[in-house]
Amino acid sequence: MNLSQIIFLVVGAVTIISAVLVVTLRNLVHSALWLIVTLFSVAVLFVLLEAGFMAVVQVVLYIGAIAILIIFAMMLTRRAMSDEASQTNGQWPASLLIAAAAFVSLAGLLNANAWPALPAADLSGTVRQLGLALVNLNAFVLPFEVASVLLIVALVGAIYVAGEKR
Amino acid sequence: MPEFNPGNVLIYLYQLLGWWLGTLGIPAPIVVLIQLLVSIISVGAFALLLPIFTIWLERKVAGRFQDRLGPNRVGPYGLFQSFADVFKLLTKEDITPAGADKVVFNLAPMLTVLSVVTIWAVVPFASTMVGANINVGVLYIVAISGLGTISIMMGGWSSNNKFALLGAFRTAAQLVAYEVPMIIVLLVPVMLAGSMGVQDIVNAQGTAWFIVMAPVAGLIFFITSIAEIGRAPFDLLEAESEIVAGFHIEYTGMKFGMWMLGEFLHAFTICVLTAVLFLGGWQGPFAKEVPVLGIVYFLLKSFGMYFIVIWVRSTFPRIRIDHLHAFNWKVLVPVSLAAVVLTALVDKLVTTYLPGAGDVVRATALLAANVIGVLALLGIFRQGAHAERERLEGGRDASHGEAAHHDEPGEPGAAHASAH
């Protein structure tokens with residue numbers, strides 16, 4: 001076992017434990033803070049895979065935007081910060097069943113196949129390659145444009161919902 | 001033994017340490033580890049000790065702006081005032097409010113200092129000196145500043161105090177909003193340098209600094225940075241006169257000191273970032289040949305920007321929260337989008353149609369485009385002001401006539417009309 005494997009095991013354990021704490025803690029703000037720990041350790045996992053760009057984007061988007069939005073929404077919601085509410089509703093047996101089924105099938109899938117080890121790639125120009133692939137007609141230009149249209153639609157919708165009704 | 005090079009004295013010390021540890025019989029990987037640890041601790045200690053000086057500087061300069069002397073009792077020119085303050089903070093009682101969330105309350109000030117110090121990891125001090133020359137440096141800076149926002153929200157929420165929570169609300173609204181134009185204008189130096197690495201951006205400013213090629217982007221970056229550190233005129237998150245200190249109202253002793261340390265260090269860090277991204281960082285005469293000179297240029301530019309930050313702080317009054325958001329969403333965001341489009345267009349046109357033109361032509365074209373853009377913007381502002389004034393004057397005439405007919409006491413229109 002070498003150093004990067006030990007780091008991987010530690011970070012993986014932190015990810016799983018903090019993810020469990022996110023859904024089991026009664027205090028919603030604590031859950032949100034543990035969610036930040038989970039997202040941050042996923043970013044560390046990206047670093048271990050030498051995907052620096054993905055790691056930084058993970059921190060910018062998920063911690064810098066989504067986690068802050070979640071905390072902000074909780075602070076603005078009445079009584080959401082009290083510990084009295086029940087953590088489950090009537091649908092918990094069905095969701096337990098679906099979650100267990102998803103876990104079993106994923107674990108089976110991971111065990112059944114012999115996953116090939118990728119050869120070490122040259123990662124020096126990753127960001128440039130990513131940018132070129134996003135505007136290349138033979139690569140990802142269509143998904144990129146579709147995502148842009150989706151974002152514009154979401155922006156216009158947000159302005160319509162928030163704006164004054166005339 | 002490594003060869004002594006007076007122009008590159010810090011790298012020489014680094015190599016000397018490695019050579020000395022090697023002679024002690026320590027294996028090579030551990031020697032590298034110790035070398036890296038010593039370097040990290042030196043940069044971190046430099047960043048953490050800097051506020052001792054910058055706080056004195058700020059109090060002295062702000063004092064002069066307000067026609068006072070500033071600190072002048074402790075040591076020559078009051079230089080040791082900050083030490084006295086630190087000892088005072090250390091001896092104060094450390095109070096955690098009874099209703100506070102203890103762990104989060106104690107974690108928040110640590111996180112705020114951490115979020116600022118980690119930015120220094122990608123700051124290039126000289127041509128040979130940079131902590132981590134990662135290829136996503138600019139994005140890293142943006143990512144880390146998000147942690148600072150979270151630390152302020154943690155502090156505000158965990159204090160269990162309504163003023164602290166109000167401060168946290170304002171933080172979320174202000175910092176998240178001002179991050180938008182900041183990230184957009186950060187695209188401009190990235191485009192001009194063709195890289196997100198901070199060292200590459202400094203290297204690309206050899207002929208002309210980016211403040212010449214993109215003055216609008218530089219100015220917007222500086223304004224939004226001041227908003228990000230929450231200083232006057234954008235200090236609504238702590239606003240002493242309204243919410244009595246905002247998110248750090250319940251903090252005492254050295255925990256309060258850490259909030260202050262974080263704020264002052266962040267204030268200097270945004271000056272460093274402005275200097276690196278727009279003022280050429282360590283670039284200057286002979287900086288490439290003699291890296292130590294690069295550190296001098298770098299610090300000169302940073303302290304120059306810091307002087308402007310103090311100047312702004314002691315000149316402008318706090319702006320109202322609706323003005324703050326109107327200024328961000330109606331001015332900074334559209335202008336920054338326009339600056340990005342303009343820069344991309346002009347830069348591409350110059351490099352496509354004048355392939356052999358070189359950096360001077362490119363910089364001139366970009367500067368001209370920026371000047372034209374600013375003139376167009378001023379024209380739009382002028383028209384908007386005219387339209388607003390006409391609307392207001394028309395409205396006043398209408399209310400005047402109406403008030404003359406009704407003349408009810410207590411009606412706003414009537415009071416308005418009688419005043420004129």
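Per chain, numbering begins at 1; letters A, B, ... match sequence-line order.
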Side-chain atoms of residues 327-337 of chain B: list all donor-acceptor pairs with protein atoms under 3.5 Å, sequence neighbours left out, distances to 0.1 Å.
| unit_1 | atom_1 | unit_2 | atom_2 | d |
| --- | --- | --- | --- | --- |
| B:N328 | ND2 | B:A177 | O | 3.1 |
| B:S336 | OG | B:L332 | O | 2.9 |
| B:S336 | OG | B:V333 | O | 2.8 |

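- Shortest non-hydrogen contact noted between B:M153 and A:F72 is CE-N, 4.0 Å.
- Taking every heavy atom of both residues into account, A:V56 and B:Y140 meet most closely at CG1-N, 3.5 Å.
- To the nearest 0.5 angstrom, B:I150 atom CD1 is 6.0 Å from A:I63 atom CD1.
- If you measure heavy-atom distances from B:L147 to chain A, the contacts under 4.5 Å come from the side chain alone.
- In this structure, the ring-ring contact (aromatic ring centres under 6.0 Å, His included) partners of B:Y251, at least two apart in sequence or on a different chain, are B:F105, B:W259.
- The parts of A:I68 that come within reach of chain B are both its backbone and its side chain, each placing non-hydrogen atoms under 4.5 angstrom from that chain.
- Contacts between A:L69 and chain B at a heavy-atom distance below 4.5 Å are absent for every atom of the residue.
- When side chains are defined from C-beta on, B:V104 counts as touching A:H30, because their heavy atoms get closer than 4.5 Å.
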